[in-house]
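All figures in this text were calculated on a predicted structure; none of them were measured in a lab.
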Amino acid sequence: MAIIPTDLLDRVRALERQVRELMGSANTTPAQNQIMGGEVVIGEQGRLRVRTSGDEDLLYLGRVQPDRGEDRPQQGFVVRRDDGSLALTVWTAAPDTLPVQPVQVLDRRGNVVLADDAARGGLARPYVPYPLPAPADAGRWESTGATEWTTLFKGPGIVQHPRLHCAVAVEGSAGAEVRLLVDGVQTGPVGTAGAGLVLTDRVPADYGATVTFEIQARVAAGGDTVRCHPLALYGIQS
């Protein structure tokens, strides 16, 4: 039997090990659905497109139609519900007449329920009412001569914001005070005759809760009078 050099056997074993490693790596496919580091770049008028299992468009990110002109693609963002209705858009349907892209949220019937104003900025939808102007004659305001806190205005509200802003005009004798209650709890400081009541404070209730707003007033001494009228009551951001 021929004698095989030891170094040659070692080389054969090393080759066998390398072949096994290569075969193992060839059968192992790296995950194609994860990005553990870095970023994904879509350029050159490309876009990310997501479709439903029914082969319907669900999301566009990148180039959207219509184009702004020849060789001028429009870049935007469009999200649809799985029934095909538009849900959220950052695009313009008429680039020639409305070049600025509004941000719009739509209901299932295609009505725009939330949008910014693409022409001048600010809010486009929904429409937010301004408070009604108060009578200029303070004699027509609600009044009291009680020295104990007396409710002059009262009404319900649904909490939509974490804070509120309130303004109440106040006229009357020295020492007269006005305050705002939310569900029976005083919110902010008291207002005084002449200076009125202006406050911005946290709403002591959870989002969606129905609360009762009250404006109360009192005088410092018997025979005095205080008059007031609410000017503004807004929900605002934190």
Side-chain angles (χ1 to χ4, degrees), residues 87-88 90 100-107 109 111-238:
L88 172 65
V90 183
V100 178
Q101 296 174 320
V103 178
Q104 298 182 330
V105 177
L106 301 90
D107 66 11
R109 296 184 177 182
N111 299 309
V112 177
V113 296
L114 177 64
D116 64 341
D117 192 296
R120 301 188 63 183
L123 188 66
R125 300 282 180 88
Y127 299 150
V128 179
Y130 289 106
L132 296 176
D137 181 4
R140 298 172 60 191
W141 298 355
E142 292 294 324
S143 64
T144 183
T147 56
E148 300 294 329
W149 286 114
T150 304
T151 299
L152 299 183
F153 296 90
K154 183 176 182 178
I158 299 176
V159 177
Q160 300 290 310
H161 301 82
R163 296 200 302 166
L164 61 79
H165 175 76
C166 176
V168 181
V170 184
E171 294 290 343
S173 304
E177 295 178 320
V178 171
R179 68 178 182 176
L180 172 70
L181 302 184
V182 180
D183 276 349
V185 178
Q186 179 175 324
T187 301
V190 298
T192 58
L197 172 63
V198 179
L199 68 91
T200 299
D201 207 341
R202 185 181 66 84
V203 179
D206 295 330
Y207 172 83
T210 299
V211 298
T212 298
F213 295 106
E214 293 181 78
I215 296 176
Q216 295 185 333
R218 68 181 180 183
V219 295
D224 291 347
T225 302
V226 60
R227 302 177 184 277
C228 67
H229 194 91
L231 301 178
L233 184 59
Y234 286 103
I236 60 174
Q237 67 185 30
S238 59

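Atom NZ in Lys154 sits 13.0 Å away from atom CD1 in Ile215 (nearest 0.5 Å). Put simply, CG on Asp116 and CG on Leu123 are 8.0 Å apart, with the number rounded to the nearest 0.5 Å. The CD atom of Gln216 sits 4.5 Å away from atom CZ of Arg179, with the distance rounded to the nearest 0.5 Å. In this structure, Leu88 CG and Gln104 CD are separated by 9.5 Å, a value rounded to the nearest 0.5 Å. In this structure, the separation between CD on Gln237 and CZ on Arg163 is 8.0 Å, given to the nearest 0.5 Å. Between Leu199 atom CG and Gln186 atom CD the span is 9.0 Å, to the nearest 0.5 Å.
You'll find the side chain of Val190 stays beyond 4.5 Å of the side chain of Leu197, heavy atoms only. Side-chain contact between Thr200 and Ile236: present, with at least one pair of heavy atoms (C-beta onward) separated by less than 4.5 Å. Counting only heavy atoms from C-beta outward, the side chains of Leu233 and Pro131 never approach each other to under 4.5 Å. Contact check for Pro156 versus Val211: no side-chain heavy atoms found under the 4.5 Å cut-off. Using a 4.5 Å heavy-atom threshold, the side chains of Thr192 and Val170 count as separate. Residues Pro204 and Asp183 fail the side-chain proximity criterion, which asks for heavy atoms closer than 4.5 Å. Residues Leu181 and Phe213 are not in side-chain contact: their nearest non-hydrogen atoms beyond the backbone lie 4.5 Å or more apart. Annotation: side chain of Val226 is not in contact with side chain of Leu152 (no heavy-atom distance under 4.5 Å).
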### side chain to side chain contact (heavy atoms under 4.5 Å, CB included) between Leu164 and Leu180, intermediate numbers included
CA-CA 11 Å; Leu164 61 79; Leu180 172 70; 3.9 Å; yes
### Task
Dump the intermediate steps for side chain to side chain contact (heavy atoms under 4.5 Å, CB included) on His165 and Val198, then the final yes or no.
CA-CA 8 Å; His165 175 76; Val198 179; 3.9 Å; yes
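Between Pro129 and Tyr127 the shortest heavy-atom distance is CD-O, 3.9 Å. When every heavy atom of Gly222 is checked against every heavy atom of Thr147, the shortest pair comes out as N-CG2, 3.8 Å. What you find for Thr150 and Ala146 is that their closest heavy atoms are OG1-CB, 3.3 Å. Considering every non-hydrogen atom in both Ser173 and Ala193, the closest pair reads O-CB, 3.8 Å. Contact detail for Ser238 and Pro162: the closest heavy-atom pair is N-CG, 3.5 Å. Closest approach of Ala138 to Arg227, counting heavy atoms only: O-CD, 3.1 Å.
Relative ring orientation between Phe153 and His229 is described as perpendicular, the plane-to-plane angle rising above 60° on a 0-90° scale split at 30° and 60°.
Remark: the backbone N or O of Val103 is not paired with any side-chain donor or acceptor of Gln101 at under 3.5 angstrom. Not a single donor-acceptor pair under 3.5 Å links the side chain of Asn111 to the backbone N or O of Val113.
Each salt bridge (Lys or Arg N to Asp or Glu O under 4.0 Å) pair with one or both residues in residues 199-225, not counting sequence neighbours, appears once here: Glu177-Arg218.
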